[in-house]
Amino acid sequence: MKERVTTTEAALILGLSRRKVQLMCIGGEIPGAARFGTKWTIHEATLRRWIAERETKGWPGGSSSAAASITAAFASRGASTDRMPPTAP
């Protein structure tokens with residue numbers, strides 16, 4: 001694993017646009033982000049840890065069981081859940 005990733009790579013990890021990641025870096029929302037000249041880079045381990053922390057907190061205004069409820073609803077309709085992210089314990 002590389003120590004630092006570009007905003008393009010971070011966007012793929014987060015499932016966001018590169019521009020949104022850049023704006024989040026500018027706003028100080030992404031821990032481990034640093035600007036070198038005109039380029040933002042993000043410490044990958046810090047980024048992944050931040051994502052994991054947000055996943056365990058659950059969804060804003062809801063609980064982490066909400067993801068399990070959605071997965072169950074898809075499964076009950078016979079829909080494939082192969083592409084859905086894993087739910088938090």
Side-chain angles (χ1 to χ4, degrees):
M1 166 171 41
K2 294 191 309 186
E3 191 165 330
R4 301 197 70 80
V5 295
T6 65
T7 54
T8 301
E9 293 165 319
L12 290 171
I13 293 167
L14 291 165
L16 301 172
S17 71
R18 185 174 66 101
R19 184 61 182 150
K20 177 63 178 172
V21 171
Q22 289 171 336
L23 292 172
M24 291 175 76
C25 290
I26 291 167
E29 297 176 60
I30 299 180
R35 189 171 185 163
F36 296 98
T38 61
K39 303 285 184 190
W40 282 96
T41 65
I42 298 124
H43 187 264
E44 185 173 5
T46 303
L47 176 65
R48 291 188 184 277
R49 192 169 37 252
W50 178 66
I51 292 167
E53 288 170 5
R54 291 177 61 100
E55 287 173 341
T56 58
K57 288 181 184 176
W59 296 350
S63 68
S64 58
S65 64
S69 298
I70 291 171
T71 301
F74 271 87
S76 70
R77 292 188 175 104
S80 172
T81 57
D82 294 341
R83 300 181 119 210
M84 294 185 70
T87 58

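Remember, it's a predicted structure, so these values are computed and weren't measured experimentally. Residue indices begin at 1 and follow the sequence shown.
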Distance from [X] atom [atom1] to [Y] atom [atom2], nearest 0.5 Å?
{"X": "Arg48", "Y": "Ile13", "atom1": "CZ", "atom2": "CD1", "answer": "4.0 Å"}
{"X": "Thr8", "Y": "Arg18", "atom1": "OG1", "atom2": "CZ", "answer": "5.0 Å"}
{"X": "Thr56", "Y": "Ile51", "atom1": "OG1", "atom2": "CD1", "answer": "12.0 Å"}
{"X": "Leu23", "Y": "Glu29", "atom1": "CG", "atom2": "CD", "answer": "8.5 Å"}
{"X": "Met24", "Y": "Ser17", "atom1": "CE", "atom2": "OG", "answer": "10.0 Å"}
{"X": "Ile26", "Y": "Arg19", "atom1": "CD1", "atom2": "CZ", "answer": "5.5 Å"}

Taking Gly32's backbone N and O only, do any of them form a donor-acceptor pair with Arg4's side chain (distance below 3.5 Å, no angle check)? yes
Is it the case that the side chain of Arg35 and the backbone of Gly37 share a donor-acceptor pair, with hydrogens and angles ignored and the cut-off at 3.5 Å? yes
Quick check: do Lys2 and Glu9 have side-chain heavy atoms less than 4.5 Å from each other? yes
Under 4.5 Å between any side-chain heavy atoms of Ile30 and Leu14, yes or no? yes
Might you point out which heavy atoms bring Ile42 and Ala10 nearest each other, and give the distance in Å? CD1-CB, 3.6 Å
